[in-house]
Every structure is written in structure tokens, then in C-alpha cells.
Number of protein chains: 2
Amino acid sequence: MVEKRADARRNQETLLDAAAAAFIESGVNVPVRDIATRAGVGVGTIYRHFPTRSDLIVAVYHHQIEACADAGPELLATSATPHLALAAWIDLFVDFLVTKHGLAEALHSDDAAFERLHGLFLERLLPVCARLLEAAAGAGEIRPGVGALELMRGVGNLCIGDRGDPRYDARRMVGFLIEGLRPPRR
Amino acid sequence: MVEKRADARRNQETLLDAAAAAFIESGVNVPVRDIATRAGVGVGTIYRHFPTRSDLIVAVYHHQIEACADAGPELLATSATPHLALAAWIDLFVDFLVTKHGLAEALHSDDAAFERLHGLFLERLLPVCARLLEAAAGAGEIRPGVGALELMRGVGNLCIGDRGDPRYDARRMVGFLIEGLRPPRR
DNA sequence: TTGGTAAACGGAACAGTGTTCCGTATGTTT
DNA sequence: AAACATACGGAACACTGTTCCGTTTACCAA
């Protein structure tokens, strides 16, 4: 493994900061040029460090995604019931998504540029969700046969378009969805 | 009101056909030039007849939207319970959305180009949904205070990304959401 | 210190798409 | 048939993503 040049390392840091700021201000779909200008580098430099938009987004939000993943087992251990743990974890997930403008949309586009983002969610968050689902199903609190992937996609979809719009509260809708997972009443 | 020229009327028809075909083949985000080529006209002609993409989509799907709107009262009159009517109507709505690739996405983008589409849904479908919700709430079958707009946006969102993907069934997720509207169990 | 080399940079250039605009063509009317 | 209004076509512009290469810079060895 060869060491990277000092200027390259410096630029990568600068880019991460610039991207984070740009994402907050203009959403994750902010034009590449804007990020480049903000960082004071050429667009080529961005593509060299982060070949796809996914790579940049992943780099910026990596820690938060990890934190969300880590919270799953913990919630399961400390919650009164698995269903409550599931609901609480989904809440964390929703919080993460709705505070990143455009991220929910990006997550569910089939654009190849978001491949790695997709991959990270699948790799880190999906197993956590699956574990929580399993526990809740095992306790008879939700119907069996609900897939983690479809649940996460559904929840992610529900988060689209929630930008502090008072007429649409993603958390509320997600709450209904999670409630609807319970077994049919007799 | 002045009569339109014959060639203009002819072109409008041709464009509707071409757009409908293009939507089926490539989704509602098919490039304008593709539709123009298909219809054998210049892009200017499209923009003259349909200034925004919304106008074109609305023109193409107008009848189906009307049919969906008309089905609401009918379902309410013939269903065993208001909740069943609501579920059945939402099913129609979902059917409409998932068979039009990209329509659900378009519906929830804030792009100004989809203004009229948004407007038509609000104007025609929203009252129908509100009526069904009211009936169900009145019968105590769902919690009160659920807004028609948020429900329709939620349902629309859940339909995003369902392209016959076996791993994601929008209808199933919507079913859970509607089920979750029921009052909390004691 | 001083080359020499590989790594990294910048930004021009290209590609795809939406949108506008105007010279030209066509239908309509007198 | 002439004159006019309407409509047409597509070039041209704007915006964004992406690639590519001539130039610059950091690093190291002599």
C-alpha cells in the first residue's frame, strides 16, 4: 500500500467538508461544480477522489449510518418489547433520512450513481432491521413473513418529500406502517 | 373562442398517442425529443401544445384519473364497511400509479414541471379520499385526524420503485399502512 | 540542493436533456 | 390569388454530469 500524497489527503478532507456543507444547504443532489467551487478545486479532483456521488455521500454520512446500525442491538436489549425496539430503531432511521434533503429520494432511485450508497444500507442496516423484525415476529407482535428489505424500502419511501412540510409528517406515516405490521385482530 | 387550425388539432392527437406510447415504453420521464421524434414533429410543437410535462401527462391520463375519482363514492355505497371502501379505493389508486413507470416519483417531486399533475390529483382525488376517510373515521374504524393529503402522499410514496420488483410489493406496504390507521387496540 | 518521476490537479471539452426563439411553411379567409 | 394569422421545425442556449489530458506539484534519490 502506497502512501497518498499530502496534497491529495488534504484535498480529500477539504472536499468532505465542502460536500457536507453543500449537502446541508442544497441537498445531496447539489451540482458537482458547486462542491468543487466551494472546495476551491476542479471537478476532476472530485471525480478522482469520489468516482460516484454515492462515494461522496457515503463518506460524508458514514459515521451516522454506523451509529444507526449499532443502535439496533442495543435497543433490542433495552426495550420493553421487540415491537417497541423496532419502532424506536425505525424512528432513528427516519430521523437520519428526513434531515438529509434528497437522501431518501436518492436511496430509491435506480441511478447507477447511487450504487454504493444502496450497498452500504443493504450491508449495514438491513441485517439490523432483519434482526429486529425477527425478534418481533418471534414474539408474535407482528405478522410473520415481512421482509427487512421491503420494510426499509417502504419506510425510506415514506420519508420522501418531508422537508418540514407541516402537511406531511413522515414520522406519522411510518408509525402507521409499523402499527400495521401487527397481526390481524380477531 | 377561435377555432384551432386543422394541422394543430391533428398534431395534438398525434402527440398524445406518441406520448402515451413513449410513457409505456420509457416512463413518464422519457426525453422530450424522443416523443417529438416518435410523433414526427419538432420539439417546439410539443412545447406549444403542452408547455410543461405535467400538461402532457395530465392529457394522457385524464380519463383514468377521472375514473378513479368516480369510483370512490360508488365503493363507499357498495362496500360492507367504510374501511373496506377506503382500502379498495386506495387499491385502485395504487394500481394506477404502479402501472405508470415514474409517475409516483413525478407526483412527489417538487419540480415545477409537475405542477398541473399535482393540481389535478389534489383537485379530483383528494376530496374523494377525504370523503372516504371521513366515513371510516365516523364509523370508528380508523383514528380521527388523519389527513387525506398526507395519506395520499404516503400511499403515493410507497408506490415509488415498484416495477414488478419481486422484492418490493407496494400494494403490500400500502395494505399495512391502511391497516395501521385503525384505532389503537386496548 | 537538485533533478527526475509519478501522482495529483484544473478545467476545457463532450454528452444528454430541458427550454426558448424565430425564420419558414401552411391553413384560412377575403 | 393574395394576405394574414397560426403553427411548425429545429437550431441554439442553459444546465449538469463525466471524461480526458496538458500542467503542476510533492516526494525521493543522488
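On a predicted model such as this, the values are computed, not experimentally measured, just so you know. A, B, ... follow the sequence lines: proteins, then strands. Residue 1 opens every chain.
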Heavy-atom contacts under 4.0 Å between residues 29-42 of chain A and DNA chain C, which residues?
A:R33, A:G40, A:V41, A:G42

Check the distance between D:dA7's P and B:L15's CG and give it to me in whole angstrom.
14 Å

Taking atom types as modelled and ignoring hydrogens, do the side chains of B:E141 and B:T81 form a donor-acceptor contact shorter than 3.5 angstrom?
yes

Does B:N11 have a side-chain nitrogen or oxygen under 4.0 Å from the phosphate oxygens OP1 or OP2 of D:dA7?
no

Taking ring-ring contact (aromatic ring centres under 6.0 Å, His included) as the test, write out the residues that go with A:F50, two or more places apart.
none

Expressed in angstrom and rounded to an integer, what is the separation of B:Q12 atom CD from D:dA7 atom C1'?
12 Å

My understanding is that only residues two or more places apart in sequence, or in another chain, count here; which of them pass side-chain contact (heavy atoms from CB on, under 4.5 Å) with A:A36?
A:V41, A:V43, A:I46

Quick test of your reading: applying salt bridge (charged side-chain N to carboxylate O under 4.0 Å, His left out), list the pairs with at least one residue in residues 32-49 of chain A, sequence neighbours left out, ordered by first then second residue.
A:E25-A:R38

Who clusters with A:L84? Use side-chain heavy atoms, under 4.5 angstrom, across I, L, V, M, F, W and Y, and order the result by chain and number.
none

Can you tell me if B:R131 uses its side chain to pair, donor with acceptor, with the backbone of B:L76 under 3.5 Å?
no

Taking only residues two or more places apart in sequence or in another chain, which ones pass side chain to side chain donor-acceptor pair (under 3.5 Å) with B:R172?
A:E150

Just distance, no hydrogens or angles: give the donor-acceptor pairs under 3.5 Å from side chains in residues 11-24 of chain B, sequence neighbours left out.
| unit_1 | atom_1 | unit_2 | atom_2 | d |
| --- | --- | --- | --- | --- |
| B:Q12 | OE1 | B:K4 | NZ | 3.0 |
| B:Q12 | OE1 | B:H49 | ND1 | 3.1 |
| B:T14 | OG1 | B:R10 | O | 2.9 |

Separation of D:dT18 atom C1' from A:I46 atom CD1, nearest Å, is 12 Å

Would you kindly give the CZ-to-C1' distance between A:R10 and D:dT24, to the nearest whole Å?
13 Å

Using a 4.0 Å cut-off on heavy atoms, which residues in residues 111-121 of chain B reach DNA chain C? List them by number, or say none.
none

With sequence neighbours excluded, tell me which residues meet ring-ring contact (aromatic ring centres under 6.0 Å, His included) with B:F96.
B:Y61

By side chain to side chain donor-acceptor pair (under 3.5 Å), B:D95 pairs with (sequence neighbours left out) B:R171

Would you give a per-nucleotide map of nucleotides 20-26 of chain C, 5' to 3', where B means the base has a protein non-hydrogen atom under 4.0 Å away, S means only the sugar-phosphate does, and - means neither?
BB----B

Residue-phosphate contact under 4.0 Å: A:H49 side-chain N/O, C:dA8 OP1/OP2
no

From the set C:dC9, C:dG27, C:dG18, return the single nucleotide nearest to any side-chain atom of A:A8.
C:dC9

Residues two or more places apart in sequence or in another chain: which of them pass side chain to side chain donor-acceptor pair (under 3.5 Å) with B:R116?
B:D55

Within the structure, does a side-chain N or O atom of A:T45 lie under 4.0 Å from either OP1 or OP2 of C:dG10?
yes

